[in-house]
Amino acid sequence: MAMLPQSNIDLSQGIVFQDQPSLTWIADPVTNRLRGRGDNWVAVRQAVEVIVNVERFKWQIYTPNFGTDYDGLLGTEPGYAASELRRRLEDAFLPDNRILGIRDYAYTFKDVSLTVTFTVDTVFGDVTSGMEVKLA
């Protein structure tokens, strides 16, 4: 009597990987309610927004490879903070295979704030995003 189930799976032809749809629930930022489901560009736009606004390693609900790492930027020189933030954003988007890269990265400094705007290249089209980081 076999302990494991027997199957007739033939792996000699190789394995074909298929991307799953990016269908997700869409949150309305004005009402803080779910307004339905969205796919493709709408879903990836929301993913970009969440990745940018969630601090990595801080929330147990998210896996350690989700979000952006802002730790250590407080109190640094503005030039260093801008270049490091760009590297950290690119690292944050790396696990999502729908995101191809960042371009049109621009930043401005005002008092103790670093404001960053950028365009995220995705397989569904461009997503414009931005954020503000307090340096002090």
Side-chain angles (χ1 to χ4, degrees):
M1 178 173 194
M3 297 297 285
L4 297 174
Q6 300 295 318
S7 65
N8 296 330
I9 299 174
D10 180 20
L11 296 178
S12 64
Q13 301 297 318
I15 299 173
V16 177
F17 293 96
Q18 290 183 325
D19 286 335
Q20 296 297 313
S22 61
L23 188 64
T24 188
W25 292 102
I26 301 299
D28 188 342
V30 176
T31 63
N32 290 328
R33 294 179 177 253
L34 296 177
R35 66 170 189 219
R37 294 190 298 176
D39 200 4
N40 300 331
W41 186 84
V42 174
V44 78
R45 180 196 52 79
Q46 180 171 279
V48 166
E49 183 179 326
V50 173
I51 290 169
V52 167
N53 289 305
V54 168
E55 188 167 353
R56 186 179 259 180
F57 310 117
K58 187 170 182 174
W59 304 101
Q60 291 180 352
I61 192 171
Y62 298 109
T63 62
N65 66 345
F66 188 83
T68 305
D69 185 14
Y70 299 114
D71 190 37
L73 293 179
L74 186 65
T76 60
E77 294 293 320
Y80 170 79
S83 65
E84 185 65 13
L85 186 58
R86 180 177 187 156
R87 185 191 67 76
R88 292 180 183 191
L89 284 168
E90 289 172 353
D91 184 50
F93 291 136
L94 196 59
D96 195 330
N97 62 358
R98 301 171 297 176
I99 298 174
L100 304 174
I102 302 175
R103 64 178 166 80
D104 300 334
Y105 184 86
Y107 56 90
T108 57
F109 299 103
K110 184 177 180 185
D111 298 328
V112 294
S113 296
L114 166 64
T115 304
V116 180
T117 59
F118 49 89
T119 303
V120 180
D121 292 324
T122 75
V123 295
F124 302 113
D126 295 343
V127 175
T128 303
S129 187
M131 60 181 304
E132 183 177 353
V133 177
K134 301 284 185 189
L135 299 176

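Note that this is a predicted model, so its numbers are computed, not measured. Below, each value reflects all heavy atoms present in this structure, side chains not excepted, and no hydrogens, waters or symmetry copies.
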Between [atom1] on residue [X] and [atom2] on residue [Y], distance to nearest 0.5 Å:
{"X": "Tyr105", "Y": "Thr119", "atom1": "OH", "atom2": "OG1", "answer": "12.5 Å"}
{"X": "Asp71", "Y": "Phe57", "atom1": "CG", "atom2": "CZ", "answer": "9.5 Å"}
{"X": "Tyr70", "Y": "Leu85", "atom1": "OH", "atom2": "CG", "answer": "6.5 Å"}
{"X": "Asp28", "Y": "Leu34", "atom1": "CG", "atom2": "CG", "answer": "9.5 Å"}
{"X": "Phe118", "Y": "Met131", "atom1": "CZ", "atom2": "CE", "answer": "7.0 Å"}
{"X": "Thr76", "Y": "Glu84", "atom1": "OG1", "atom2": "CD", "answer": "8.5 Å"}

Taking all non-hydrogen atoms of both residues, which atom of [X] and which atom of [Y] are closest, and how far apart?
{"X": "Gly38", "Y": "Ala43", "answer": "O-CB, 3.8 Å"}
{"X": "Ala47", "Y": "Asp96", "answer": "CB-OD2, 4.1 Å"}
{"X": "Ala92", "Y": "Gly67", "answer": "CB-O, 3.1 Å"}
{"X": "Leu73", "Y": "Arg88", "answer": "CG-NH1, 3.6 Å"}

Within one Ile-Leu-Val-Met-Phe-Trp-Tyr cluster: [X] and [Y], side-chain cutoff 4.5 Å:
{"X": "Leu94", "Y": "Ile99", "result": "no"}
{"X": "Val112", "Y": "Val116", "result": "no"}
{"X": "Val42", "Y": "Leu100", "result": "yes"}
{"X": "Trp59", "Y": "Phe93", "result": "yes"}

Backbone N/O of Ala27 and side chain of Gln46: donor-acceptor pair under 3.5 Å: yes
Please examine the side chains of [Y] and [X], heavy atoms only from C-beta on, and report whether any two atoms are closer than 4.5 Å.
{"X": "Asp121", "Y": "Arg103", "value": "yes"}
{"X": "Val127", "Y": "Trp41", "value": "yes"}
{"X": "Phe109", "Y": "Leu114", "value": "yes"}

Test side chain to side chain contact (heavy atoms under 4.5 Å, CB included) applied to Thr128 and Thr117, step by step: CA-CA 8 Å; Thr128 303; Thr117 59; 5.9 Å; no
Ion pair Glu90/Arg87, N-O distance below 4.0 Å: no
Atom pairs and distances, donor-acceptor, side-chain atoms in residues 48-56, under 3.5 Å, two or more places apart:
residue: Asn53; atom: ND2; partner: Glu49; partner atom: O; Å: 2.8
residue: Arg56; atom: NE; partner: Pro64; partner atom: O; Å: 3.3
residue: Arg56; atom: NH1; partner: Asp91; partner atom: OD2; Å: 2.8
residue: Arg56; atom: NH2; partner: Asn65; partner atom: O; Å: 3.2

Neighbour count above 12 (heavy atom, 6.0 Å) for Arg37 CZ: no
Over 12 foreign heavy atoms within 6.0 Å of CD, Glu132: yes
